[in-house]
Amino acid sequence: FFFFFQAEDGIRDVERSRGLGDVYKRQVSTQSTWDTLMEAKANEYDLICIGAGSGGLACARKAAKLGKKVALIEAKKIGGTCVNLGCVPKKVIYTATTIYEDIDVGVDMGLLIEKKGVAWKVLKEKRDAYLKKLNDIYTNNCKKDGVEYIMGKGKFISPHEVQVDNEEAKTHIVLTAPHIVISTGSKSLMPGRLPGIGFTFGSDGFFELTELPKNLFIIGGGYIGVEISCMLASFGVKTTICMLEPSIVWPFDREVTAFQMENMKKLGIDIIAEARVLGVEKLGEHHFKVNFEKHPAVESELVMCAMGRVPNYDGLDIEKIGIKLTPMRAIETDEFENTNIPGIYAIGDVNTKLMLTPVAVNSGRKLAERLFCGVKDAKLNYDCIPSVVFSHPPMSKLGLSEEEAVAKYTKDKIKIYKTQFNQLFYALTEKKVPTFLKIVCLLPEEKVLGMHGCGRGVDEIMQGFAVAVRMGITKKDLDATVGIHPTCAEEFVTMT
């Protein structure tokens, strides 16, 4: 047989004379079947994660560390919204704008420094280079953990089969797994019904700006709109922000947001509350007009739509396998992140339970533990999750706001502690930015239901208190704690 397969001359004659033709055909057929089986086996996984954002990465790496065969599919850049178009690039710019603001404080302290402007292109280039470095780190981490990272767009062809198309590489493969996680994140909400929406850009487009505009109009007063308005205003961009609600960042404590709106006005930001936008008109190159239902029109160089983010499952063909959606068009999941289809799960922004990176990470890891560690009750507790808006200054929310607490327990059962002060950081300057802190307690034992703040450093402060509040602390526990002096955080344990 060895000679037969190696022969080049007269092979067909040898086949005929020895009657080996059928044997050869069977051999080829067997080899072909074997190759097909091996290829199918190679494309069988214990877990497939569609979307390599924070949730998908966390779930895939956790499962791989538990010894499972895992495929992680991504159509764009590894890291998802957080790394490429959200938390990380935003925090880089936020840090730059905070330092720029602090120059004024330094000058008043006697430091021989001055503001000379912002080299936006340099900042953007360095930021983008850092993001590329993070992409490479995540890719290498997947490799080290044994996760098979596959570039391409995934779509369901059955409840346990995913087709991955990579048009650039011209590859099309089908993967199978008993467990498939949808972790495709979210995208900017760009309502097509709004006339002139095509003249605006979404929050993703903010990170593509190659130069700072002289002025910017932002539609939407949520996390994204407030953060970007504050960052650009700190760099000297004339910024206007509008919203349908009476206040910014509606889920936050109303007293905190009212306090922050005053800070934003001092920063030079124009705020138009309870305003319905009718449309956007283009008047010329870099010249637009925003029309309102009951407010005078506003003209601006650029208009940004920051009306929030919506689940992104475009092209997944989830309707073909019957995945159920919520009334708000998110993928519906139970407390364990199960969809209505057995073996298919949805984590992170795509189920919209709470659109925060740490939520996606935690729920992804918990899901992997439940599926592959035998921890049957492993799930994320969505109660008392801390959150921060990186505004100027930052504001934070932990647990129930006063409004939420009153709605849940009635006003007579709620006691509020609060304080307002100027931090020592501003002792030698007239450009003081005050701090506001608040504690929401449930009577009679004064169990702490919520802690909220707006001021320098509250973003870092709240993480530690989140542990305590989740453990069920009372106001007495705070009172019994010795503060660190002089700090902002000590005010939480000295309120009376």
Side-chain angles (χ1 to χ4, degrees), residues 48-60 71-90 131 135 138 149-157 162-167 180-194 197-198 200-208 219-220 222-225 228 304-333 337-341 344-361 363-364 367:
I48 296 172
C49 293
I50 309 175
S54 301
L57 274 165
C59 188
L72 179 62
I73 303 166
E74 177 55 54
K76 296 180 180 178
K77 293 182 180 179
I78 193 169
T81 298
C82 176
V83 170
N84 300 290
L85 297 166
C87 319
V88 177
K90 169 198 70 183
L131 299 184
N135 295 147
Y138 280 117
Y149 178 54
I150 302 172
M151 284 291 296
K153 184 150 185 74
K155 64 179 179 181
F156 285 96
I157 55 177
V162 176
Q163 180 174 313
V164 184
D165 301 321
N166 188 321
E167 299 302 333
I180 300 176
V181 177
I182 302 172
S183 50
T184 45
S186 60
K187 59 183 179 180
S188 295
L189 171 62
M190 304 293 285
R193 67 183 183 278
L194 183 68
I197 189 67
T200 74
F201 63 93
S203 57
D204 294 355
F206 168 72
F207 297 106
E208 297 176 7
I219 305 173
Y223 282 75
I224 297 168
I228 291 177
M304 179 179 138
C305 183
M307 298 173 69
R309 298 183 68 83
V310 292
N312 180 25
Y313 42 76
D314 296 348
L316 279 181
D317 287 351
I318 60 173
E319 67 281 355
K320 288 185 178 179
I321 57 172
I323 288 181
K324 190 176 180 180
L325 302 179
T326 70
M328 298 301 291
R329 308 299 293 170
I331 295 180
E332 185 175 286
T333 58
E337 319 301 350
N338 299 308
T339 69
N340 63 304
I341 306 297
I344 299 181
Y345 320 89
I347 59 175
D349 288 4
V350 80
N351 68 25
T352 69
K353 287 180 180 177
L354 195 53
M355 299 172 82
L356 297 170
T357 293
V359 169
V361 171
S363 61
L367 177 59

Return all side-chain donor-acceptor pairs below 3.5 angstrom for residues 316-323, not counting sequence neighbours, or 'none' if the list is empty.
residue	atom	partner	partner atom	Å
D317	OD2	K320	NZ	3.4

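Residues forming a side-chain hydrogen bond (donor to acceptor under 3.5 Å, both in side chains) with N340 (at least two apart in sequence, or on another chain): none. Remark: Y313 pairs with no residue by the ring pair (Phe, Tyr, Trp, His ring centres under 6.0 Å) rule, at least two apart or across chains. Every residue meeting the side chain to side chain contact (heavy atoms under 4.5 Å, CB included) condition with V361, not counting sequence neighbours, appears here in chain and number order: S54, A58, T357, R365. Residues satisfying the side chain to side chain contact (heavy atoms under 4.5 Å, CB included) test with K90, not counting sequence neighbours, are F207, E227, M231, F390. For N338, the side chain to side chain contact (heavy atoms under 4.5 Å, CB included) criterion is met by D334, F336, Y345, R370, not counting sequence neighbours. With sequence neighbours excluded, the residues satisfying side-chain hydrogen bond (donor to acceptor under 3.5 Å, both in side chains) with S186 are R309, D349. Taking K153 as the reference, nothing meets the salt bridge (charged side-chain N to carboxylate O under 4.0 Å, His left out) condition, with sequence neighbours excluded. Every residue two or more places apart in sequence or in another chain that forms a salt bridge (charged side-chain N to carboxylate O under 4.0 Å, His left out) with E337 is listed here: K353. With sequence neighbours excluded, the residues that form a side-chain hydrogen bond (donor to acceptor under 3.5 Å, both in side chains) with K187 are D314.
Of all heavy-atom pairs spanning L189 and C305, the tightest one is O-SG, 3.5 Å. The shortest non-hydrogen separation linking I73 to G152 is CG2-O, 3.4 Å.
S203 places no side-chain N or O within 3.5 Å of a backbone atom of A306 that could act as its donor or acceptor partner. Judged purely by atom type and a 3.5 angstrom limit, N351 has no side-chain atom pairing as donor or acceptor with the backbone of I331. Put simply, the side chain of S363 never gets that close to the backbone of I347: no donor and acceptor are under 3.5 Å apart.
By the 4.5 Å heavy-atom criterion applied to side chains, I344 and F156 are counted as neighbours.
For the salt bridge (charged side-chain N to carboxylate O under 4.0 Å, His left out) condition, no pair includes a residue of residues 48-58, sequence neighbours left out.
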